[in-house]
Protein chains: 2
Amino acid sequence: MPTYSPGEIADKTGFSLDTLRYYERIGLLDDIARTPGGQRVFDDDDIAWLGILRCLRNTGMPIAQMRRYADLTRDERTMRERVELLEEHDREIGRRLAELAEQREHIRGKIRYYRSLDTAGEQE
Amino acid sequence: MPTYSPGEIADKTGFSLDTLRYYERIGLLDDIARTPGGQRVFDDDDIAWLGILRCLRNTGMPIAQMRRYADLTRDERTMRERVELLEEHDREIGRRLAELAEQREHIRGKIRYYRSLDTAGEQE
DNA sequence: CCTTGATCTGGAGCGCGCTCCAGGTGGCAC
DNA sequence: GTGCCACCTGGAGCGCGCTCCAGATCAAGG
């Protein structure tokens with residue numbers, strides 16, 4: 001299995017080195033392998049997990065909830081709870097999509113309004 | 001034209017009293033009328049403006065950009081720039097909608113995966 | 001070896017967007 | 001008048017999610 005240095009992982013995942021260390025500190029990331037000298041060594045499983053974190057993060061999940069999810073993944077018997085957590089998050093995303101789309105219409109209405117004024121003003 | 005106390009406005013707009021004062025301090029809100037004694041008095045125009053702010057904020061516009069928009073509305077000759085600002089924001093919303101929808105699919109895939117494991121596990 | 005650049009640690013600091021506080025004033029009901 | 005609650009001001013504080021720093025160590029090339 002290939003391994004990667006922290007710098008490579010920062011490039012691949014888009015998380016900064018500081019963020020990777022921060023995530024490890026707060027328990028979002030655990031058991032990152034180390035060289036005998038203490039430098040971190042990542043593998044493809046770590047990349048996959050970071051991909052999940054990136055996805056949850058980008059969809060607005062708070063860190064506290066991601067930690068809860070991370071904790072659940074440490075116990076094999078928590079499939080049900082993981083599904084519940086993700087489903088609640090999915091519903092949250094649904095609400096945000098709906099709100100965003102609705103508010104977008106207001107903004108577009110505003111744009112049309114300005115455009116109409118602008119056109120009217122250019123008639124001279 | 002009816003007028004409203006700060007408390008009524010907080011109720012109507014969902015902004016807290018502190019946030020209303022904060023918005024006035026940083027220049028998102030100006031010329032709020034006052035009683036002779038110095039208490040704020042809002043009117044329907046203020047409510048409309050706060051509605052716009054609420055919309056921009058709910059769609060993730062940073063305060064710095066809302067300030068820029070607020071500044072533009074103080075000059076009649078800035079219709080073009082206002083439209084540009086709103087259109088850029090509209091595009092930003094579009095990007096966020098697309099990203100949210102895409103990542104949601106990943107999460108749903110994850111849910112389906114857990115579900116399949118769960119069902120398999122229940123066969124005993 | 002020695003250099004050089006990547007990485008290590010613990011802890012302080014930051015930017016955003018509010019939120020809270022102390023101490024004082026306004027204004028309406030009684 | 002007198003309560004009493006709403007509201008005022010300036011400024012400090014907070015929660016989140018990183019981000020930066022100092023000073024030390026590691027690892028690979030020459």
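All of these numbers come straight from a predicted model, not from anything done at the bench. What's counted below: heavy atoms across the whole structure, side chains too, no hydrogens, waters or symmetry copies.
For residues 55-65 of chain A, the side chain to side chain donor-acceptor pair (under 3.5 Å) pairs, not counting sequence neighbours, are A:Arg54-A:Asn58, A:Asn58-B:Glu99, A:Thr59-A:His89. For residues 59-68 of chain A, the set of pairs meeting the salt bridge (Lys or Arg N to Asp or Glu O under 4.0 Å) definition, not counting sequence neighbours, comprises A:Arg68-A:Glu81. Sorted by first and then second residue, the pairs that involve residues 7-18 of chain A and meet side chain to side chain donor-acceptor pair (under 3.5 Å), not counting sequence neighbours, are A:Ser16-A:Thr19.
Within residues 1-21 of chain A, the residues approached by DNA chain D to less than 4.0 Å at the level of any non-hydrogen atom are A:Ser16, A:Asp18, A:Thr19, in residue-number order. Heavy-atom distances under 4.0 Å link DNA chain C to no residue of residues 44-55 of chain A.
More than 12 heavy atoms of other residues, nucleotides or ligands shown are found within 6.0 angstrom of CD on B:Glu105. Other residues, nucleotides and ligands contribute at most 12 non-hydrogen atoms within 6.0 Å of the CZ atom of A:Arg77.
Not counting sequence neighbours, A:Arg112 has no partner by the salt bridge (Lys or Arg N to Asp or Glu O under 4.0 Å) test. A search for side-chain hydrogen bond (donor to acceptor under 3.5 Å, both in side chains) contacts involving B:Glu88 returns B:Arg91, B:Arg95, not counting sequence neighbours. In this structure B:Tyr4 satisfies the side-chain hydrogen bond (donor to acceptor under 3.5 Å, both in side chains) test together with B:Asp44, sequence neighbours excluded. For the side-chain hydrogen bond (donor to acceptor under 3.5 Å, both in side chains) test, no residue two or more places apart in sequence or in another chain qualifies with B:Arg21.
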Please list each protein N or O that sits under 3.5 Å from an N or O in nucleotides 27-30 of chain D, with the distance.
{"from": "D:dA27", "atom 1": "OP1", "to": "A:Thr35", "atom 2": "OG1", "distance (Å)": "2.9"}

Every protein N/O lying under 3.5 Å from an N/O of nucleotides 15-17 of chain D:
{"from": "D:dG17", "atom 1": "OP2", "to": "A:Ile63", "atom 2": "N", "distance (Å)": "3.4"}

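Considering only side-chain N and O atoms, A:Arg40 lies nowhere under 4.0 angstrom from the phosphate OP1 or OP2 of C:dT7.
One atom, CZ of A:Arg34, and another, P of D:dT25, lie 16 Å apart when rounded to the nearest Å. Atom CD in A:Glu24 sits about 16 Å away from atom P in D:dC18, given to the nearest Å.
In this structure, CG on A:Leu85 lies 10.0 Å from OG1 on A:Thr78, to the nearest 0.5 angstrom. Within the model, atoms CZ of B:Arg40 and OG of B:Ser5 stand 12.0 Å from one another, a figure rounded to the nearest 0.5 Å.
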Show me the donor-acceptor pairs within less than 3.5 Å that the side chains of residues 45-53 of chain B make with the rest of the protein, sequence neighbours left out.
{"from": "B:Asp46", "atom 1": "OD2", "to": "B:Asp43", "atom 2": "N", "distance (Å)": "3.0"}
{"from": "B:Trp49", "atom 1": "NE1", "to": "B:Leu28", "atom 2": "O", "distance (Å)": "2.6"}

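Considering all non-hydrogen atoms of both residues, A:Leu72 and A:Arg82 come closest at O-NH2, 3.3 Å.
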